[in-house]
Amino acid sequence: MSKTHKEWERPLVELEDGILKLKEIARKEQDPSKREQQETRISDYEARRDRYIDVMYANLGPWEKVLVARADKRPYTLDYVQAIFHGFIELQGDRKGFTDHAIIGGPAMLDNRPVMIVGHQKGRSIQERQLRNFGYARPEGYRKAIRLFEMAERFRMPVITFVDTPGADAGVEAESRGISEAIAAAIFKMFELTVPAVSVIIGEGGSGGAIGIAASNRVLMLEHSIYSVIAPEGCASILWRQADRGADAAKALKLTAQSAVDFNLVDGIIPEPKGGAHRDVPLICANVKTALLSSLGELDKLQPDAIYADRYNRFRKMGVFADSLGI
Amino acid sequence: MSKTHKEWERPLVELEDGILKLKEIARKEQDPSKREQQETRISDYEARRDRYIDVMYANLGPWEKVLVARADKRPYTLDYVQAIFHGFIELQGDRKGFTDHAIIGGPAMLDNRPVMIVGHQKGRSIQERQLRNFGYARPEGYRKAIRLFEMAERFRMPVITFVDTPGADAGVEAESRGISEAIAAAIFKMFELTVPAVSVIIGEGGSGGAIGIAASNRVLMLEHSIYSVIAPEGCASILWRQADRGADAAKALKLTAQSAVDFNLVDGIIPEPKGGAHRDVPLICANVKTALLSSLGELDKLQPDAIYADRYNRFRKMGVFADSLGI
Amino acid sequence: MSNREPNKAEGFLQCAHCKKIIFSVDFEQNLSVCPYCGHHHRLSAHKRIEITFDPGSFSELDQELSSLNPLDFPEYAEKLASAVEKQQTNDSMTSGTAALDGMPVSVAVADFHFMGGSMGSVNGEKITRTLERAAESGAPAIIFCASGGARMQEGLLSLMQMAKTTAAAQRCSKAGIPYIAVFTDPTMAGVLASYASVADVILAEPKALVGFAGLRVSKQAGVGKVPDDFQTAEFALNHGMIDRIVARKEMRTTLIQLTRMLGGTSTRVR
Amino acid sequence: MSNREPNKAEGFLQCAHCKKIIFSVDFEQNLSVCPYCGHHHRLSAHKRIEITFDPGSFSELDQELSSLNPLDFPEYAEKLASAVEKQQTNDSMTSGTAALDGMPVSVAVADFHFMGGSMGSVNGEKITRTLERAAESGAPAIIFCASGGARMQEGLLSLMQMAKTTAAAQRCSKAGIPYIAVFTDPTMAGVLASYASVADVILAEPKALVGFAGLRVSKQAGVGKVPDDFQTAEFALNHGMIDRIVARKEMRTTLIQLTRMLGGTSTRVR
Ligand SMILES: [Zn+2]
Ligand SMILES: [Zn+2]
């Protein structure tokens with residue numbers, strides 16, 4: 001039985017709760033010598049917490065990566081948009097009768113250049129989670145993305161996508177409106193672009209729902225994000241008919257950023273603050289911005305035709321197989 | 001109160017019924033001299049019928065044109081497709097979740113060249129009429145048309161459209177899936193084409209629903225077809241709050257092929273057999289084919305850029321107004 | 001539809017929507033938005049231009065264009081003459097060039113008060129010229145829509161304006177010049193089904209009527225029940241047809257931002 | 001899903017769909033379509049090629065490509081070895097060139113019997129090469145799909161095949177070369193959500209399973225009730241996702257007509 005995020009984080013959360021309580025006690029303490037004692041104790045606990053985080057995150061296993069990538073507290077697309085860009089104007093609608101809030105997008109300024117942003121968006125409150133369908137995008141989300149990709153191409157704006165989805169919506173409604181076609185068409189559209197495209201996997205890169213907006217010239221992953229052909233629970237349930245063996249499946253699937261780089265499937269890892277992206281949002285946003293500027297800087301040197309070819313060549317070489325001539 | 005098609009045609013229908021009965025009697029008649037008498041009488045009636053048709057159709061008023069254009073017996077798009085082309089393969093679907101049978105389309109051979117056909121299709125039987133929504137196309141019909149226009153452009157096939165609709169579907173469902181956007185997008189797509197496009201108004205050219213697939217380099221009208229910004233009944237109901245004054249509105253709207261040519265809004269009139277297209281389907285199909293080949297022949301001389309420009313220029317000059325310099 | 005204009009009286013007026021009494025000065029200062037219920041009352045083209053573009057930057061063009069009666073349509077000449085006299089303009093559409101925070105833009109602004117903003121030859125020609133000027137000059141196009149649809153008194157000529165204006169929008173698109181449409185109350189029928197719906201970005205004022213056919217026609221044609229917000233900007237947003245609903249007081253800022261990002265940068269390769 | 005293969009016995013077999021007994025000879029002659037219920041039973045790639053393309057015209061390419069186990073995924077090597085031995089081929093996809101009524105075509109044909117037609121690196125590479133050969137040579141591409149989806153044993157490498165194959169389809173489209181996909185039973189998940197759905201023309205065999213997720217997953221994810229024909233070719237047709245359903249015995253003729261009209265004429269300007 002694989003640990004849940006709550007179980008895995010419990011010792012840390014308890015430590016942090018203890019520190020908060022100690023601080024409250026210290027704040028109210030009148031006696032200076034007692035307060036000093038208490039503050040020493042707090043420092044001690046904080047050091048212990050830091051060491052604990054060090055240990056927890058020093059060598060995250062694949063399943064722990066899954067837990068961290070899915071954590072409620074993790075920054076979502078709009079957190080990055082707000083911190084990294086300015087003047088973002090969300091544009092909505094697939095222009096075909098439907099709208100989706102699990103994928104958001106629109107133009108924004110990255111320093112002094114306009115870019116087109118597209119990203120999965122999970123919700124924080126219960127209402128927002130429902131509105132955003134828990135990050136499971138519907139066909140209309142991908143069709144909106146296609147419209148924004150076309151706009152980016154028309155107005156020569158680089159495309160930046162943020163990937164964070166457990167997978168595309170697989171329900172009856174989504175199927176009846178062609179979720180497969182929508183994903184395929186979005187991938188197809190990205191390969192048409194002659195403007196640069198950069199994707200950042202910020203949390204969960206969940207199978208088809210992820211690649212639908214990640215067919216970019218550069219694909220970067222946050223240190224503790226995951227990118228997988230299938231959810232580990234789904235894989236476990238197919239392989240062993242035991243959905244609770246997600247941890248074993250996560251290991252088998254090699255879904256970490258580190259593995260993706262080893263297989264040359266992503267271009268770089270963006271380091272996270274100690275203890276994960278949510279522990280220092282300004283820092284992770286700064287890191288993401290640096291990585292985006294660096295990727296765009298490389299792509300800016302290319303002409304439109306070369307940008308198109310670069311993207312094709314990037315994906316063309318993916319695949320590991322033998323031929324009779326030896327690999 | 002404007003005449004209905006049934007009322008208007010009744011004398012003719014009665015004459016024809018009489019002739020059929022006489023023929024039946026003559027067939028059974030044993031006595032040769034009596035049969036000769038009867039056959040003379042039949043010839044007499046047939047001559048009378050022909051004269052009647054001559055009179056009826058010699059000078060059809062606008063309302064009678066409306067009646068003829070809407071006649072149940074009139075050939076529909078698939079009748080022309082079957083007679084004029086070969087190897088037609090109907091392609092379906094908007095690739096967005098919906099399908100529509102009020103607009104049909106697909107590739108076919110016109111003599112030895114492949115073309116892309118798109119057209120409104122009315123139904124004949126009660127079931128077929130319902131399936132085809134009485135010729136009122138839905139958003140998905142226009143989106144299918146867009147897909148076929150794109151295919152035509154990609155494979156350098158001329159586009160041929162047949163227009164025959166009372167108007168686009170204005171229901172709640174059609175509205176919710178963006179009937180306006182679908183029409184606008186179809187017009188927009190036609191203006192992108194660098195392959196020739198020719199449209200034939202074969203029956204009713206009903207407002208937005210018609211122009212959605214009629215933004216072509218050449219637009220031809222059958223002699224007794226109509227083309228109007230609004231259904232005459234709708235116009236009468238707005239103008240005089242009397243929907244049954246359709247005949248007066250038809251006159252005011254100048255919705256005949258002859259008027260459309262006078263205003264330089266259509267490029268030619270395809271003559272109909274005596275008594276209307278339905279009285280000699282092979283003949284009207286031959287006439288339509290001749291007109292199509294002639295129009296395509298003109299357009300074949302143009303390069304892709306010139307075809308694009310020709311279409312723009314065709315519509316660009318439409319409009320009658322004064323400016324201070326005097327027009 | 002109910003009359004959406006406020007009832008005017010000396011120094012104050014009544015909101016046609018919530019029926020509250022508003023001081024004319026407050027109403028003006030609030031851009032003709034009811035301070036009580038937020039209802040966006042219709043604006044004249046003049047007023048719209050004043051509150052949207054840089055002060056004094058608007059240059060009207062095409063104002064010499066005026067409608068004829070090519071079909072000799074019953075009562076058309078009289079209706080036209082009366083509208084021209086009452087509104088002191090030749091058409092519902094006012095077109096020209098303006099500046100938006102210093103950026104040149106090609107603009108057209110509709111006024112529903114002139115024959116319901118209906119699109120005849122003059123109207124279509126002005127839209128077409130506005131979009132052509134954008135495509136040729138590189139200045140983004142901004143069009144405020146307000147129309148009941150095509151002008152039936154010009155018959156097929158009006159229907160052809162749907163094609164003509166959409167063709168001009170396609171030119172803009174092909175040239176890579178942004179075209180932003182703003183749907184104001186009401187944006188209907190032949191206008192909605194042509195140039196209005198093919199803009200790169202579509203904004204709408206809150207509660208603006210947006211639809212293909214009159215509500216009566218839709219009810220007749222449809223079998224399903226009609227949603228409460230049917231044919232409003234909100235309905236259009238929920239059905240993916242528009243990008244954003246923007247309150248009148250945010251409109252100028254939003255247009256500036258969009259224009260700057262989509263087409264106002266000097267680094268753009270044309 | 002129930003086993004869709006007929007149960008074989010000496011000289012005759014049982015239709016897995018209607019359970020009727022069919023003589024093997026009749027079944028063969030009827031292209032593995034049940035003469036009683038019309039059920040289209042799955043075909044081997046070999047058989048499909050034989051009944052579709054001009055006799056003897058098929059030249060296999062890429063057959064030397066074979067799968068590795070880059071992730072060292074549990075049990076993958078064994079499953080692969082067993083499939084290779086049983087099916088006497090390296091992968092579910094057989095690719096090459098062929099002729100269709102004399103017209104050269106670039107083809108790939110899937111065989112569900114080999115590991116459920118799943119798309120790993122070899123499968124994706126063969127699709128990609130098939131589409132690239134079409135784009136380069138001008139010969140239309142025809143792909144018969146049959147797949148449960150991506151091959152999870154190759155992890156992210158498999159997911160990337162979705163992008164790689166779709167990119168190759170985009171190349172075809174850009175070059176103006178027709179690409180026709182035929183959905184056979186089943187065409188699912190990662191294959192449906194990539195190269196399969198971006199073909200110019202999509203045909204399907206009757207009753208073929210066509211869908212994104214397993215039925216169980218869809219039922220869990222959805223709130224609405226599941227239609228009877230959910231995830232069949234007929235459902236896909238009614239929802240605008242495919243162009244036509246074509247019976248197996250009409251398939252060759254239909255492909256010839258389409259290929260000729262979309263890309264087989266000598267007058268075509270490339
Ligand atoms: Zn009010
Ligand atoms: Zn059977």
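Residue numbers start from 1 in every chain, and the chains themselves are labelled A, B, ... in the order their sequence lines are given, proteins ahead of strands.
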Chemist: Ion pair present between C:Asp72 and B:Lys251, side-chain N to carboxylate O less than 4.0 angstrom?
Modeler: no
Chemist: With respect to chain B, which residue among C:Gln63, C:Arg171, C:His239, C:Glu75 yields the maximal number of heavy-atom pairs within a distance under 4.5 Å?
Modeler: C:Arg171
Chemist: Which bit of B:Tyr312 comes within less than 4.5 Å of chain C, counting heavy atoms only: side chain, backbone, both or neither?
Modeler: side chain
Chemist: Examine B:Arg177 relative to B:Phe98 and say whether NZ or CZ is less than 6.0 Å from the centre of the six-membered ring and inside a 45° cone about the ring axis.
Modeler: yes
Chemist: Among B:Gly234, B:Ala184, B:Ala215, B:Gly205, which residue has the highest count of heavy-atom pairs closer than 4.5 Å to chain C?
Modeler: B:Ala184
Chemist: Considering the options C:His40, C:Lys207, C:Arg42, which one meets the side-chain hydrogen bond (donor to acceptor under 3.5 Å, both in side chains) requirement together with C:Asp185?
Modeler: C:Arg42
Chemist: Output the option from B:Met190, B:Arg314, B:Glu192 having the highest count of non-hydrogen pairs under 4.5 Å with chain C.
Modeler: B:Glu192
Chemist: Salt bridge check, C:Lys164 against C:Glu125: does any charged N sit closer than 4.0 Å to a carboxylate O?
Modeler: yes
Chemist: Just give me the residue among C:Ser197, C:Ser67, C:Gly120, C:Ala196 that pairs up with chain B most often, heavy atom to heavy atom, under 4.5 Å.
Modeler: C:Ser197
Chemist: Please rank B:Tyr136, B:Phe315, B:Tyr227, B:Phe263 by heavy-atom pairs under 4.5 Å with chain C and give me the top one.
Modeler: B:Tyr227
Chemist: Carefully, step by step, assess B:Asp169 and B:Asn133 under the rule side chain to side chain donor-acceptor pair (under 3.5 Å).
Modeler: CA-CA 8 Å; B:Asp169 189 324; B:Asn133 203 24; 2.8 Å; yes
Chemist: Need one label for C:Gln170: side chain, backbone, both or neither, based on atoms under 4.5 Å from any heavy atom in chain B.
Modeler: both
Chemist: By a 4.5 Å heavy-atom criterion (distance strictly below it), what part of B:Ile187 contacts chain C: side chain, backbone, both, or neither?
Modeler: both
Chemist: Which region of B:Ser228, side chain (C-beta onward) or backbone (N, CA, C, O), has a non-hydrogen atom less than 4.5 Å from a non-hydrogen atom of chain C, or is it both or neither?
Modeler: backbone
Chemist: By a 4.5 Å heavy-atom criterion (distance strictly below it), what part of C:Glu132 contacts chain B: side chain, backbone, both, or neither?
Modeler: side chain
Chemist: Less than 4.5 Å to any heavy atom of chain B: does that hold for the side chain of C:Thr165, its backbone, both, or neither?
Modeler: neither
Chemist: Does any heavy atom of chain B fall under 4.5 Å from the side chain of C:Met241, the backbone, both, or neither of them?
Modeler: side chain
Chemist: Given heavy-atom pairs under 4.5 angstrom as the criterion, report whether the side chain, backbone, both or neither of B:Ala210 touches chain C.
Modeler: neither
